[in-house]
> 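Let me give you the structure first, and then I'll get to my questions.
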Amino acid sequence: MTAFLRQEVRTLLRTRRTKIIAVVICYALLVFPIAMKRPPQSMVDLAGEWFDGDGSFTLFMFAYLDLSMNKVSMFAGIILVGGIVADERARGELPLLWSKPITRSRYFLVRLTGAVGVFAGIYITATLIGTVYYPSQVSGFDPAIYLGMATVHLFAAGYAVTLAGTMGVLLGRKIPAMLVSLLLLGTFVGVAFLPFYTDSPWLGWLNPFYHGVSLIGQMTTFTPADMLAPIAALLAFHIATAALGAWKVSREEQ
Amino acid sequence: MTPAIDIRGLTKQYKDVRAVDDVTFSVAPGEVFGFVGHNGAGKTTTIQMLLGLLRPTAGSARVLGRDVVADSLAVRRISGFLPASYALPRDMTPVTFLAYVASMFGLSGKPVRNKIDELLTMFDLGKVAKKKLGGFSSGMTQKVGLAQALINDPQVLFLDEPSTALDPIGRADLMRHLATLARDKGVTVLFSTHILSDIEDASQRVAILHHGRLLAAGDLAELKAAHGTPRMDDLYLTLVRGAMAREGITP
């Protein structure tokens, strides 16, 4: 199946929607320091109070994860795979594609994995650009902390792709699936920092995007070992969600 | 000789409708076999069962010795298939689409690129190889559809109404290709159609289906002789009218 996965990635990289997502993520990344140039002192103080570390860099990371990457990932996931399988069905392509020596669930999983992989590639590239660009733009910027937090957040951002793709096959129709994905992801993203504001970590246990940003609570002290728990939780979300989609698609008639 | 396709008592029941009813016939290796019936006769359902895309309600079928239910992926690996109704991805070109289909068979690299070149030449698609499929006519689309069915060098080819969208030249070319594949490469071809002249051009043996039931199967010349009908369309009409009379339907 590696040949199919490679071909799927190649196909996705050629699409207009992938190029748009890459441009939007890079744009968000590059203009962000300009928007965050002179934040009000009250916000800097609040960030220091809610989270961990020096106020200005903490505020930057909070705003970067919440306003920039969380929101962009949410839309990127929906745009990238919102109509997976449903689109092909509506266009009449499935009778041909599903007649090949691949199970329907594997077809779905390969396509989903390809989309997550493409999204991860864009995200990683953007993060590496940030690592080079931000030190000159953000006071107190620490590349190691930034990379560590972005590494964990990558799994949450990628979850937007997994969820949107799964919704496509669960609901079977593109527009309703995209709307439900938007609603769910919007809710997850909207309350991702709630456990910090209320000092109640359990409020985030079932929210992948909380796990994605959870290191902000120990920004100055986390070690690589601290990254493992949120990554493991996020992988479990990915696997459970994708398995649900694979199960649904395996039961479908043409 | 072991048949390439061996169907025994194949049946598909959908709630109140029996789409395929106790169908039995076989196709020899390297044969171009005609599968005839009106729209809704059960041809597509039978072909989908042969590829493991639909599960039979009763009966069994084997393709080159592989059971179509227990070993459906193996059947599809050695088969090529062109559905009766399908669309191609509008944003892909013939080259990218054929590479995409090849990858679903686990094929990639230079052999695939050579195969794609061969198929583009075979179906006269060289000039449009890098144009988006979205702008293709139905005849051109059908040629790409036929090319994708051959991307894996199949040993058995299932073509469901392959000539419907083709113009007379395209149809003649298709029949020539099928004969060449069977003669030179030993490919077994089962193609369904309701265009009776295609059957006479391409097949020595046929199966005729009507309302899911097999009316006749065997050597076309022998069937015509047995029913005193000189042409395929006379044979078909004689058999179908006989079946309708037995069902109490006035033709």
Side-chain angles (χ1 to χ4, degrees), chain A residues 1-22 79-115 117-118 168 174 246 249-254, chain B residues 14 44-45 47-48 50-55 66 71-93 95-109 111-112 132-134 141-142 144-149 151-152 154 157-160:
Chain A
M1 279 304 103
T2 50
F4 183 33
L5 182 60
R6 267 203 315 272
Q7 196 63 39
E8 177 64 25
V9 168
R10 257 188 231 134
T11 304
L12 258 180
L13 286 174
R14 276 194 285 257
T15 62
R16 197 177 301 147
R17 59 183 188 273
T18 302
K19 290 168 189 159
I20 289 170
I21 288 166
I79 292 166
L80 203 58
V81 293
I84 198 170
V85 179
D87 259 354
E88 291 93 63
R89 179 184 292 106
R91 291 195 297 256
E93 294 165 12
L94 282 185
L96 202 148
L97 296 173
W98 277 358
S99 69
K100 305 309 168 200
I102 180 169
T103 60
R104 289 167 194 191
S105 51
R106 190 163 286 191
Y107 171 81
F108 166 72
L109 288 174
V110 169
R111 296 208 54 205
L112 191 66
T113 306
V118 165
K174 183 177 181 174
V249 83
S250 70
R251 295 173 59 85
E252 283 186 29
E253 291 284 349
Q254 277 184 16
Chain B
Y14 293 106
T44 297
T45 305
I47 290 176
Q48 287 189 332
L50 289 175
L51 284 158
L53 300 171
L54 287 175
R55 184 173 281 266
R66 292 151 178 93
D71 215 0
S72 65
L73 291 185
V75 170
R76 284 184 236 168
R77 207 165 288 124
I78 54 165
S79 303
F81 175 49
L82 179 71
S85 172
Y86 66 94
L88 302 176
R90 299 178 62 81
D91 289 340
M92 288 192 192
T93 67
V95 171
T96 56
F97 177 64
L98 292 174
Y100 191 80
V101 171
S103 75
M104 296 176 89
F105 287 90
L107 306 170
S108 61
V112 168
K132 295 259 173 88
L133 293 167
T141 299
Q142 192 74 335
V144 178
L146 287 162
Q148 66 77 35
I151 193 75
N152 59 322
L157 195 53
F158 296 97
L159 305 175
D160 197 358

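These numbers come from a predicted model, not from an experiment. Computation of the quantities below employed the complete heavy-atom set of this structure, encompassing side-chain atoms and omitting hydrogens, waters and symmetry-equivalent molecules. So that the names make sense, note that chain A is the first sequence line, chain B the second, and so on, each numbered from 1.
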> Against chain B, label A:Arg14 side chain, backbone, both or neither, depending on which of its atoms sit under 4.5 Å from a heavy atom there.
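Side chain only.
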> On a heavy-atom basis, which atom in B:Met104 and which in A:Leu97 lie closest, and how many Å separate them?
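That would be CE-O, 3.3 Å.
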> Any idea which of B:Val75, B:Ile78, B:Thr96, B:Leu82 has the most non-hydrogen atom pairs under 4.5 angstrom with chain A?
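When all of B:Val75, B:Ile78, B:Thr96, B:Leu82 are compared, B:Thr96 has the most.
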> Please state whether the side chain, the backbone, both or neither of A:Thr103 comes within less than 4.5 Å of a heavy atom of chain B.
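The answer is both parts of A:Thr103.
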> What closest approach, in Å, do B:Ser103 and A:Ala3 show between heavy atoms, and which atom pair accounts for it?
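Scanning both residues completely, I find the closest heavy atoms to be CB-O, 3.4 Å.
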> Kindly give the heavy-atom pair with the smallest separation between B:Phe105 and A:Lys100, and that separation in Å.
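So the two residues come closest at CE1-CD, 3.6 Å.
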> Which atoms of B:Ser85 are under 4.5 Å from chain A, going by heavy atoms: the side chain, the backbone, both sets, or neither?
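Just its backbone gets close to chain A.
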> If the condition is side chain to side chain donor-acceptor pair (under 3.5 Å), which residues does A:Arg10 pass it with, not counting sequence neighbours?
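Counting only residues at least two positions away or on another chain, A:Arg10 forms a side chain to side chain donor-acceptor pair (under 3.5 Å) with A:Gln7.
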> When the ring centroid of A:Phe4 is compared with that of B:Tyr100, is the distance short of 6.0 Å?
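They qualify: ring centres under 6.0 Å apart.
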> Examine whether an atom of A:Glu8 lies under 4.5 Å from a heavy atom of chain B, and if so say whether it belongs to the side chain, the backbone or both; otherwise answer neither.
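Contact with chain B is through both the backbone and side chain of A:Glu8.
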> Work out which heavy atom in B:Leu53 is nearest to a heavy atom in A:Arg104; give both atom names and the distance.
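For B:Leu53 versus A:Arg104, the nearest heavy atoms are O-NH2, 3.6 Å.
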> Using non-hydrogen atoms only, which part of B:Pro83 is less than 4.5 Å away from chain A: side chain, backbone, both, or neither?
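The side chain, not the backbone.
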> Provide the closest heavy-atom pair for B:Arg76 versus A:Ile102 in the form atom of the first, atom of the second, distance.
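Between these two residues, the closest heavy atoms are NH1-O, 3.6 Å.
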> Applying side chain to side chain contact (heavy atoms under 4.5 Å, CB included) to A:Leu96 and B:Leu88, what does each step give before you reach the verdict?
CA-CA 8 Å; A:Leu96 202 148; B:Leu88 302 176; 4.1 Å; yes
> If you look at every heavy atom in B:Ala87 and A:Arg91, which pair is closest and at what distance?
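Looking at all heavy atoms of both residues, the shortest contact is CB-O, 2.9 Å.
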> Is the number of heavy atoms from other residues, nucleotides or ligands under 6.0 Å of B:Arg90 CZ greater than 12?
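No.
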